[in-house]
Structure formats: C-alpha cells, structure tokens
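Data first, discussion second: the structure below is written as structure tokens.
Chain letters run A, B, ... following the sequence lines, proteins first and then strands; every chain starts at 1. These figures come from a predicted structure and were not determined experimentally.
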Amino acid sequence: MYKYDNYDQQMVDTRVEEFRDQTRRRLSGELPEDKFRPLRLMNGLYLQLHAYMLRVAVPYGTLSGAQMKVLGDIADKYDRGYGHFTTRQNIQYNWIKLEEAPDILADLAKVEMHAIQTSGNCIRNISSDHFAGAAADELIDPRPYAELLRQWSSFHPEFCALPRKFKIAVIASDTDRAAMRLHDIGIQIVKNDAGEIGAAFYVGGGMGRTPMVAPCINEFVPLDWLITYSEACLRVYNRYGRRDNKYKARIKILVHELGKDEYTRQVEEEFAHLKSQGIEPPLAELERIKPYFADPAFKAGLSDGIDRSDPDFALWVDRNTIAHKAPGYVSAVISLKPVGGIPGDASADQIRLMGKLATDYSFDECRVTHTQNIVLPHVEKARLKELFDVLDANGLSTPNLDTIEDIIACPGLDYCSLANARSIPVAQKISERFASTGKTETLGELKLKISGCINACGHHHAGHIGILGVDRKGVENYQLLLGGSEAEDTSLGKITGPGFDEDGIVDAVERATDVYLAKREEGERFLDTYRRIGMDPFKEAIYG
Amino acid sequence: MVELLRFRTDEPSESPAVTVDCFGEQTNAGAVRIEPGDDARELLPHLAHITRVEVNFPVFGDGRGYSAARILREAGYEGEIRAVGDVAVDQLAALRRCGFDAFQPDVPMNDADADAALARWDNVYQKTTDGRAPIWALRHGNANA
Ligand code: HEM
Ligand code: SF4
C-alpha cells in the first residue's frame with residue numbers, strides 16, 4: 001500500500017488547518033453559507049435533508065486495517081454508529097455536525113486519510129479495480145498510476161472551479177470492474193505491439209440524466225506523458241465545457257457536442273503545447289510509487305484445496321470468492337448486502353472487525369468495491385473457513401455477490417434532498433422477496449441498481465435491471481430499465497414503459513426474471529438473454 | 001482591508017482595459033480585460049506591448065480565468081495579470097499558482113485572512129509557471145525543475 005512521505009502528510013495536515021479556518025469563519029458569520037458552500041464541497045461536506053454528510057476519500061478503494069479501524073471509530077464518535085460505503089469506493093457519514101468536521105479530518109489525517117475533493121466541481125477521488133494487485137487477469141497493478149494522478153489532481157490550481165465534477169477511473173485489465181467507460185476520464189493501462197506500457201484514454205462517459213459511454217480518444221499515451229495528457233484533457237474541458245446549464249456541464253456533453261474527433265483534435269493541440277512546459281513528473285516518481293504496491297510476501301507451495309464439507313461455507317466460497325493470481329490464495333468479498341439491509345451500510349463494530357480481518361487474513365489490506373462491498377484481496381485458501389466463521393458470527397457472511405440481492409442503491413428520499421423516491425426500502429423488499437423464494441441462486445449473475453432520481457447515483461442506467469425513482473403527481477413512482485451494464489461490455493439500460501408503485505416495482509422485477517428463466521439458453525446470464533431476445537417478451541410479461 | 005493586493009514592484013498601470021474583441025482592432029492598447037468566454041490565445045501575438053491583463057471572475061465558480069492566466073504565462077507574458085470580480089481569500093493560493101500577481105476583488109479582503117491564505121502551502125504537487133518546485137522535483141533532488 002502507498003505510504004505518505006513527509007510531503008504528502010504535510011499537504012493533508014495543511015488542508016485540515018485550512019478547513020478548520022474556513023469552518024471557523026463560517027461559524028463566526030464572517031463567511032455566509034453561499035460563500036462557504038463551495039469550500040465545504042471541496043472537502044466532501046454536503047448539507048442533506050437532516051444533517052451534514054461527510055464523504056471520506058478512499059483513493060483507488062484501498063485501505064489498511066488501521067485505516068478501517070479509524071473509519072469505524074469515526075462512525076461511533078461523530079455519527080450514529082454507521083458508515084455507508086459508496087459507489088465510488090468512498091465512505092460517507094450521514095449525521096455530521098459542522099463544528100466537528102475539522103476534528104474528523106484531523107483524526108483521518110493521522111492515518112493518512114482525508115476528504116479532499118470528494119465533492120464539488122473539481123477532480124474527484126480516483127477510483128480503480130477493487131481486485132488490483134490480486135486479479136489473475138490484470139496486465140499490471142493500476143494503482144501506482146492512480147496514485148500519480150491522485151497527487152497531480154490534489155489541489156490542482158487550474159482545475160478548482162471546473163464546469164462540473166470530474167471523475168477518473170484507472171484499470172489495467174480487459175475485464176472492467178470499475179465502470180471505467182462511465183467516467184469523465186477512464187484510463188486503461190495497456191501494452192502496445194512493441195511491448196511498452198501506456199494508457200488508453202476514454203473521455204466523456206457519465207451517468208446522470210444524459211448517460212453516455214466514453215469513446216476512446218487515444219489508444220496509447222506513453223507513460224511519460226500520462227499527466228501532461230490528462231492536463232490537456234482537463235484544460236480543454238475547463239475552457240470550453242458548458243457553464244450555462246448545470247445539466248449540460250459535464251465533459252460528456254462537450255465531447256458529444258464537439259464530436260469525439262474535434263474534442264480529440266483540441267486535446268492533441270493542447271497536449272503538443274503542454275509538452276514543452278515541463279509539467280510531467282519524471283518516470284522516477286512512478287518508480288518511487290510502484291514498490292508500495294509490490295506483491296505482499298505470498299507463501300509458496302500452498303495447496304489449492306478447500307474443505308467444502310460445510311454447505312453454507314461451500315456456497316459462500318462459490319459466490320463470494322474470486323480467483324487470485326497467486327496459487328493457494330483467493331480474494332474474498334464481504335457482502336454489505338444482508339437480506340433486508342441497507343446496501344453499503346456497516347456498523348462501527350463491523351467496520352473495525354473488517355479492518356482487523358484485513359490485518360489478520362489479508363496482508364493488512366482491504367478494498368471498497370464500487371458495488372458497495374468490501375474485499376479482502378489476498379486470503380489463503382487454507383484459512384478461508386476460519387475467516388468465514390468469524391464473518392458468519394458477525395452478520396457479514398451473506399453469500400450473494402453479483403446476484404440480484406447484491407443491489408446498488410443510492411440514499412434516496414431517506415436522506416437526499418434531491419430525491420423523488422426512496423431507494424432503500426425498494427432494495428430491501430427486492431432482496432427479501434428473492435431470498436425468500438430461493439430464486440437468487442437460480443438467477444445467477446444479475447446486477448440490479450436503484451437511483452432515487454435522475455442523477456443516477458445508484459447507477460440505474462448500468463444495471464442489468466435498473467430502477468429509477470420518479471415523481472408522479474407528488475407520488476413516488478418507479479421506472480424499470482433493462483439491459484444496462486457497466487462492465488467491459490458497457491451498455492445503457494432502456495425503460496420498459498410506464499412506472500410502478502413500490503410494491504408494483506418489486507412484482508415487475510420478478511416478472512422480468514421469470515421471462516429470463518423461461519427463455520434462457522445454456523450458459524446465458526439475464527443480460528445475455530435480454531440482449532438476444534430484446535425488450536418485447538419482457539414488456540409483454542410485465543404489462544401483459 | 002485591501003482594495004488592490006499586488007505582488008509586483010513596477011508601478012501599477014491604471015490605463016483603462018479594453019475588451020479582447022476591441023483589442024483585436026486597436027492593438028496599441030496597454031491593458032486588456034478577459035471575460036470568461038474569451039480566448040486568451042488571441043492576445044498571444046501582442047503580449048510584448050501589453051502591461052496589464054485583467055481577468056474577470058463574474059462568479060466564484062467560473063474557473064475559466066485560471067486557464068486564461070496560465071496560457072498567458074506559458075506564452076512568456078511577464079506583465080501584470082490581475083484577478084477582478086468575485087475573488088475571495090480562499091482562491092488566492094491557486095490564483096497565484098496560475099500566474100495572477102494582482103487582485104482587485106469586488107469585496108475587499110481581510111488582510112490577515114489573505115496573508116494566512118498565501119502563506120499556508122509550503123509545498124505544491126504540480127508544476128506551473130510560478131517557479132515553485134513541485135513535490136516530485138524535491139523528491140528526486142531537483143529543486144529547480
Ligand atoms: C445524498 C446526497 C447526494 C446528493 C445530493 C447527490 C447528488 C448528485 C448529483 C446532483 C449527481 C448528478 C451529477 C451530474 O450528472 O452532473 C450525482 C451523481 C452521482 N452520484 Fe450522487 N449524490 C448524493 C449521494 C451519493 C451517494 C451516497 C453516492 C454513492 C453511493 C453517489 C454517487 C454518485 C454517482 C456514482 C453519480 C453518477 C456520476 C455520473 O454521472 O457519472 N451520490 N449525485
Ligand atoms: S440519485 Fe438522486 S436521490 Fe439518489 S442520492 Fe443521487 S441525487 Fe439523491
């Protein structure tokens with residue numbers, strides 16, 4: 001894992017002091033709320049329906065055991081004993097007091113953490129593959145590149161008042177586990193024909209009310225120009241992104257309106273200019289960062305056998321563990337989607353426990369997934385049962401990864417001031433319905449995502465099944481979408497037709513899954529069947 | 001309270017600033033005012049005889065002026081770049097880094113707050129034209145990068 005040096009630590013400490021000063025000026029009345037708002041947003045502090053919400057950055061989703069422990073302690077000390085893991089691999093607290101926010105930041109800084117640029121119109125926390133460094137299919141660990149970009153984007157002086165928020169994801173395998181092409185910039189680290197490592201840039205993806213899949217604007221940016229190229233992409237956006245309408249301000253609209261070719265031409269022109277400005281860190285900096293992400297000391301000669309005599313354990317192994325690049329190891333996913341629970345929520349005790357398990361079982365490392373679960377990336381197969389028993393005793397052994405119960409849901413009307421409808425109760429009802437009928441297992445991989453309004457925080461466009469809360473004459477109403485994906489086969493879901501009330505949407509989801517079960521061919525997932533047979537059979541069954 | 005905060009030793013020029021459009025026709029004007037939608041690059045052929053560029057920030061959240069200033073500095077412009085409009089202490093450090101060396105906000109800034117804001121950051125992560133060595137340069141023993 002990356003470790004701060006004195007410089008990194010000083011930057012974060014300075015930010016704590018700066019924010020403490022800004023908060024002081026707000027509380028004394030020197031700063032009115034409208035001036036304070038952009039300042040607090042640059043630091044992840046939102047004003048929600050009932051209280052302030054603080055979003056803490058988890059760069060590229062990677063955390064140490066000690067950092068998890070502090071996240072749990074913060075939930076106890078400053079919140080109501082819970083934390084909420086988000087779709088951008090961060091964690092949020094929903095019940096924060098403004099006066100205490102600087103102290104929380106100070107607690108975080110002690111374990112090399114912060115809330116810098118977790119909201120506001122700036123470059124946000126950089127996300128990555130949650131199996132980075134463990135996945136059997138990756139070219140190289142993407143996180144050193146993400147760390148290089150983290151430093152470049154932190155307090156970037158030119159890009160602190162962009163037209164809109166800016167999200168970057170970095171991956172390094174053909175399997176996309178980070179929704180890379182639904183980001184403002186998605187970077188895939190690739191190897192060219194000459195065997196050199198470089199970066200493919202996808203620019204202009206995003207969700208929200210106008211979802212778009214990012215086109216590739218450059219298939220190979222050499223590594224010694226990674227920062228300069230990123231800066232060129234951002235400068236063109238900062239200068240020409242729309243500022244007249246906040247719903248058209250994301251870079252996806254600029255790329256769409258200019259056309260990919262014209263946007264690319266402008267970036268290349270800016271890039272040619274910036275190349276002479278000496279803004280690129282030397283490759284030595286990347287080499288300095290890389291060893292922090294070196295493989296931990298995997299044991300050699302481990303057996304790959306797992307004792308599957310306990311059926312509950314065997315099911316969990318099948319569902320929640322993923323192949324690892326080192327023999328004798330797996331990545332284990334802790335589901336934060338207990339049946340009937342709030343997706344992504346964990347209690348302070350659970351967060352601390354997961355931190356301890358990371359230390360004890362996974363070389364002191366865990367990951368937050370964009371699907372709101374926690375990964376222990378490097379677990380010895382021989383110790384899996386022991387781990388499972390601890391998880392099971394603490395309500396953390398739900399075997400439902402990538403199933404219809406593994407729902408992404410935004411906070412919705414329970415917390416969010418922009419919401420049209422509640423998301424959480426719908427997620428709870430769906431997981432209860434499918435768990436009780438036992439269909440979850442039969443359905444296999446099925447990604448269901450719920451947003452409480454068109455802003456799409458719950459990625460509904462990218463769900464195999466998506467649910468969108470809308471306001472229909474003052475009544476909560478839900479639209480159903482089918483056919484989205486945020487994996488390497490990125491696609492956007494289509495609305496089936498008229499919406500439903502809360503119980504109606506649960507029935508409609510069930511009818512859609514029945515169509516799949518009736519029509520599926522050997523080896524097909526829900527998404528594959530939908531793509532083969534199209535919308536009509538689903539519509540018929542749903543509205544019949 | 002400061003009306004004009006300036007980090008230059010030359011005498012401030014107070015000749016009236018013309019718009020970028022007008023400047024196209026009367027390129028002998030010494031001062032130009034850039035609005036957010038203007039292209040700073042239109043001024044590049046004429047930088048030698050411009051002594052002051054004002055960059056207007058009609059609203060705090062419109063960050064186009066940051067790019068405008070950097071573009072001028074990257075092209076070698078050494079005259080004054082003055083931020084005017086909705087400019088507050090919390091932007092000072094970033095504006096300085098982008099090449100602004102004078103500030104004339106609509107609402108005068110509190111001196112102590114401005115001093116604190118400008119003194120706050122000992123180090124920086126990025127290289128710009130402000131002459132500060134970024135952290136990556138310090139790490140690799142190159143304070144002049
Ligand atoms: C409760 C307070 C929240 C508010 C007020 C809020 C607001 C918004 C808004 C306005 C957008 C649309 C931005 C745009 O299209 O330009 C958005 C997008 C998004 N938000 Fe939230 N959000 C909240 C909570 C969350 C949470 C808890 C998560 C994570 C679980 C989240 C993740 C996202 C994501 C992934 C997007 C889509 C980004 C994209 O368009 O590419 N948000 N949010
Ligand atoms: S999708 Fe809408 S309701 Fe849900 S958190 Fe985002 S803004 Fe709020």
Under 4.5 Å heavy-atom distance to chain A, tell me which part of B:S67 shows up: side chain, backbone, both or neither.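 For B:S67, heavy atoms of backbone and side chain both lie under 4.5 Å from chain A.
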Side chain from CB out, backbone as N, CA, C, O: work out which of these in B:D39 comes under 4.5 Å of a heavy atom of chain A, or both, or neither.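 Both backbone and side chain.
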Using non-hydrogen atoms and a 4.5 Å limit, figure out which bit of A:L234 sits close to chain B: side chain, backbone, both or neither.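 No part of A:L234 comes within 4.5 Å of chain B.
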Side chain, backbone, both or neither: which part of A:R150 has a heavy atom under 4.5 Å from chain B?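 The side chain, not the backbone.
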Among residues 71-83 of chain B, which residues come closer than 4.5 Å to chain A, judged by heavy atom distances?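 Heavy-atom contacts from residues 71-83 of chain B to chain A are B:I71, B:E74.
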Count the heavy atoms belonging to other residues, nucleotides or ligands that lie under 6.0 Å from [atom1] of [X], then report whether that count exceeds 12.
X      : atom1 : answer
B:E11  : CD    : no
B:F7   : CZ    : yes
A:K290 : NZ    : yes

Can a donor-acceptor pair be found, under 3.5 Å and without considering hydrogens, that links the side chain of A:E158 to the backbone of B:Y66?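 Side chain of A:E158 to backbone of B:Y66: no pair is present.
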Backbone N/O of B:W121 and side chain of A:Q10: donor-acceptor pair under 3.5 Å: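 Side chain of A:Q10 to backbone of B:W121: no pair is present.
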Please determine, among [options], the option with the most heavy-atom pairs under 4.5 Å with chain A.
options                      : value
B:R139, B:R64, B:Q91, B:H140 : B:R139
B:D130, B:D113, B:V124       : B:D113
B:D122, B:T128, B:L95        : B:D122

What are the two closest heavy atoms between B:W136 and A:G278, and how far apart are they?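 That would be CH2-O, 3.8 Å.
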Test log, rule side chain to side chain contact (heavy atoms under 4.5 Å, CB included), inputs A:T14 and B:R120: CA-CA 7 Å; A:T14 304; B:R120 181 161 276 125; 3.3 Å; yes
Taking only Lys NZ, Arg NE, NH1 and NH2, and the carboxylate oxygens of Asp or Glu, determine whether B:R70 and A:E231 approach each other closer than 4.0 Å.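 Counted as a salt bridge, because a side-chain N and a carboxylate O are separated by less than 4.0 Å.
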Does a side-chain heavy-atom distance below 4.5 Å link A:D34 with B:F60?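 They are not in side-chain contact.
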Please tell me whether A:D8 and B:Y125 have a donor and an acceptor in their side chains that are separated by less than 3.5 angstrom.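 There is such a pair (donor and acceptor under 3.5 Å, judged by atom type) between the side chains of A:D8 and B:Y125.
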